[in-house]
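Here is how names work: the chains are called A, B, and so on, in the same order as the sequence lines, proteins then strands, and each is numbered from 1. Only heavy atoms go into these numbers, but all of them, side chains included; no hydrogens, no water, no symmetry mates.
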There are 2 protein chains.
Amino acid sequence: MVEHTQTLDAVFGSLADPTRRDILKRVGRKELSVSKIAKPYNVTLAAISKHLIILEKAKLINKHRRGKQQVVRLSPTALKDASEYLRRYRKIWEERLDRLEVYLIKKK
Amino acid sequence: MVEHTQTLDAVFGSLADPTRRDILKRVGRKELSVSKIAKPYNVTLAAISKHLIILEKAKLINKHRRGKQQVVRLSPTALKDASEYLRRYRKIWEERLDRLEVYLIKKK
DNA sequence: GGTATGTTCAACCATATGGTTGAATGATAA
DNA sequence: TTATCATTCAACCATATGGTTGAACATACC
C-alpha cells in the first residue's frame, strides 16, 4: 500500500487542532448538524464551518443536506485509510522504540 | 491516562509535514547529524533546523552535541506516549467504523 | 411572495509554517 | 588565535489557520 503524502498531510493537519479532534469524537458517536456541532465551543458558527471544511478536505467527514440542515458524519472510507496508516505507523514506531530501549540498556 | 491536548497538537502538527515524517523515519533507523538529515532534501540547512525545532518541541526527537555536530535521535519517552495515544485513537476509530458499517448495511 | 432558520462566503486580523539569505555562534584543528 | 566546519539566529516573504463581523444563500414555513 502506498502512502498518500497529501492525504496524510491533511489528516494529521486535521488532528493537530483540539477542536477538530473533539468534533471528530462527537461526530463519530452520532451524526450532527453544523449548529449542534458548534454549540459547545465558544466560537462563531463561521469558525466551526471552517473547521468542517478542513475535515472535509481531509476526507474525515462528509456532509449531506437534510432540509435546512447540513448533517455531518464520519467518512467511513477515508477514515479506514487513515486508521490503517495509523496502525502501520504505530507498529514501525514501536519497533524502533524497542530497538532504542535495547540500545539504552546496553549503554548502562 | 489523560490526553495532553497541547502535546497532541504538537505531535500531530509535526506529523502533518512530509519532510518531518521522513526525518522521523530516518532518525528512527539511526541517529544522524543535522547536516546528514538535511542532505536528501532540496532545502537549506536553516529550513531543516526549523523542522527539527518543531519536532523537538513536540518531544519527538532530542539533540545532543558530539564534537562539532548536533546528533539527533528519536525521543523514546515522548514517542512512547504518542504511540500509546495513536493506538487508543485507532481503537476508538475502528469501533466507530464498525458501527458505521453496520449502519450502512442496515440501510440497504 | 415574504420571513425565519441554518450555513457559508468575503473581508479582515493575528499568528504559525515553510522557505529564503546572510550574519553570528560553538567547537575543533592548525 | 585564527581559520574552518556545523548549526542556529534574524530578518524577511508567502501562504495557511483560527478567529472575527456582516452580508449572502438555501430551504422551510406562513
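Each of A46(B) and K68(A) lies near DNA chain D, and the nucleotide nearest A46(B) is the one positioned closer to the 5' end. Of the two residues near DNA chain D, G13(A) and V34(B), the one whose nearest nucleotide lies more 5' is V34(B).
Contact between the side-chain N/O atoms of T44(B) and the OP1/OP2 oxygens of dG19(C) is not found at any separation under 4.0 Å. K36(A) has no side-chain polar atom (N or O) that falls below the 4.0 Å cut-off from OP1 or OP2 of dG6(C).
Look at OH on Y41(B): it is 14 Å from P on dG18(C), rounded to the nearest Å. Counting to the nearest Å, the C1' atom of dG6(C) and the NZ atom of K39(A) are 12 Å from each other. If you measure from atom CG of L15(B) to atom C1' of dT17(C), you get 15 Å, rounded to the nearest angstrom. Between I48(A) atom CD1 and dC9(C) atom P there is a gap of 15 Å when expressed in whole angstrom units. Rounded to an integer number of Å, the gap from I37(B) CD1 to dA6(D) C1' is 13 Å. The nearest whole Å value for the distance from the NE2 atom in H64(A) to the P atom in dT27(D) is 14 Å. Between the CD atom of Q69(A) and the P atom of dC29(D) there is a distance of 11 Å, given to the nearest Å. As a whole-Å value, the separation of F12(A) CZ from dA16(C) C1' is 20 Å.
Connection of L45(A) to I23(A) is established within a shared hydrophobic cluster, with ILVMFWY side chains joined at heavy-atom distances below 4.5 Å, either directly or through further cluster members.
Salt-bridge check for R66(A) with E31(A): passed, with a basic side-chain N closer than 4.0 Å to an acidic carboxylate O.
Candidate nucleotides dA27(C), dT21(D), dG18(D) were compared by shortest atom distance to the side chain of H51(A), and dG18(D) ranks first. Of the candidates dA26(D), dG18(C), dT8(D), the closest approach to any side-chain atom of R20(B) belongs to dG18(C). Nearest to the side chain of I54(B), among dG19(C), dT8(D), dG18(C), sits dG18(C). Between dG19(D), dT8(D), dT8(C), one nucleotide has an atom nearer to the side chain of K50(A) than all others, and that is dG19(D). Nearest nucleotide to the R65(B) side chain, out of dT8(D), dG18(C), dG26(C): dG26(C). In the set dT8(D), dT20(D), dG18(D), dT8(D) carries the atom at the smallest distance from any side-chain atom of K63(B).
Among the atoms of the strands shown, none is found under 4.0 Å from any heavy atom of T19(B).
When every heavy atom of V27(A) is checked against every heavy atom of L74(A), the shortest pair comes out as CG1-N, 3.3 Å.
Proximity of a side-chain donor or acceptor of R65(A) to a complementary backbone N or O of Q70(A) within less than 3.5 Å is not detected.
Other residues, nucleotides and ligands contribute at most 12 non-hydrogen atoms within 6.0 Å of the NZ atom of K36(B).
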